[in-house]
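A quick write-up on the structure given underneath.
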Amino acid sequence: MNPTPEKAAAMPDRPLPALPAPPAAARRRAFRSVGELEDVRAFATRVARSAGLPDLRVERVVLAVNEVATNSFEHATGGCVITMWVERGSLVCQIDDDGRFGDAVRVPPPDLESRGHGLMLVDEITDVVRRHVHAGGTSTRLHFTIG
């Protein structure tokens with residue numbers, strides 16, 4: 001069973017359990033290239049709105065999903081699969097790719113002109129972020145409280 005976002009956030013120094021599979025009813029789409037980012041954003045918007053998130057939260061979902069997908073297109077070879085569902089009062093967005101995420105501790109870039117701010121932004125606007133590196137690549141799970 002997946003820990004609640006509150007429990008997951010309270011355990012940052014311990015390894016998290018493996019991610020359980022998304023539910024069968026989850027909405028899932030595969031994206032292959034950076035040229036599909038408009039479709040990524042449209043998909044995230046539709047699912048976030050259908051989950052009942054207010055407009056500001058929808059914007060955060062879209063921004064975070066777009067950023068993680070952009071990293072998938074840039075650093076992985078096979079694009080990404082985005083899966084979204086509602087679970088215990090949260091919208092959950094999982095982005096899977098065949099890339100290998102490095103150190104989970106984000107070190108701020110030296111200045112605003114440097115690249116590397118995107119995942120730090122995702123960490124700030126998402127209620128809980130869980131990244132798991134596994135034999136097939138990386139799964140990034142974003143939790144957004146609905147209420």
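Note that this is a predicted model, so its numbers are computed, not measured.
- Screening Val128, Val86, Thr126 for a side chain to side chain contact (heavy atoms under 4.5 Å, CB included) with Phe144, the sole residue that qualifies is Thr126.
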Please evaluate residues Arg131 and Asp123 with respect to the criterion salt bridge (charged side-chain N to carboxylate O under 4.0 Å, His left out), reporting the C-alpha separation (whole Å), side-chain torsions for both, the decisive distance (0.1 Å), and the verdict.
CA-CA 11 Å; Arg131 293 181 184 93; Asp123 290 347; 2.8 Å; yes
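- Remark: the backbone N or O of His134 is paired with a side-chain donor or acceptor of Arg100 at under 3.5 angstrom.
- Listed for the Glu36 side chain is a donor-acceptor partner under 3.5 Å among the backbone atoms of Ser33.
- Of the residues Leu53, Val47, Leu56, the one that meets the side chain to side chain contact (heavy atoms under 4.5 Å, CB included) test with Val61 is Leu53.
- Of the possible polar contacts, none joining the Ser139 side chain to the His132 backbone as a donor-acceptor pair under 3.5 Å is found.
- The OG1 atom of Thr145 sits 5.5 Å away from the CZ atom of Arg57 when rounded to the nearest 0.5 Å.
- Pairing each heavy atom of Cys80 with each of Ala69, the nearest pair is SG-CB, 4.0 Å.
- Put simply, the side chain of Ile95 reaches to within 4.5 Å of the side chain of Ser72, judged on heavy atoms.
- With respect to Asp96 and Arg28, no salt bridge is recorded, no charged nitrogen being found less than 4.0 Å from a carboxylate O.
- Under the 4.5 Å side-chain heavy-atom criterion for Ile, Leu, Val, Met, Phe, Trp and Tyr, Val34 and Val122 are members of the same hydrophobic cluster.
- Side-chain contact between Arg141 and Leu19 is present, with heavy atoms from C-beta onward closer than 4.5 Å.
- Contact record, Trp85 with Gln94: CH2-OE1, 3.8 Å, taken as the closest heavy-atom pair.
- Between the CG atom of Leu91 and the CZ atom of Arg60 there is a distance of 14.0 Å, given to the nearest 0.5 Å.
- The two residues Met84 and Ala48 make their nearest non-hydrogen contact at CE-N, 4.4 Å.
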Full working for side chain to side chain contact (heavy atoms under 4.5 Å, CB included) between Ile82 and Arg29:
CA-CA 5 Å; Ile82 300 174; Arg29 277 208 47 203; 5.5 Å; no
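- Of the possible donor and acceptor atoms, none in the side chain of Glu74 sits under 3.5 Å from a partner among the backbone N and O of Thr70.
- Partner of Leu142 under the side chain to side chain contact (heavy atoms under 4.5 Å, CB included) criterion, chosen from Val92, Ile125, Val65: Val65.
- Val68 pairs with exactly one of Val129, Thr140, Val40, Asp97 by the side chain to side chain contact (heavy atoms under 4.5 Å, CB included) rule, that one being Thr140.
- Checking side-chain atoms of Asn66 against main-chain N and O of Arg41 turns up no donor-acceptor pair under 3.5 Å.
- Under a hydrophobic clustering in which Ile, Leu, Val, Met, Phe, Trp and Tyr are joined whenever their side-chain heavy atoms come within less than 4.5 Å, directly or via other members, Val81 and Phe43 fall into different clusters.
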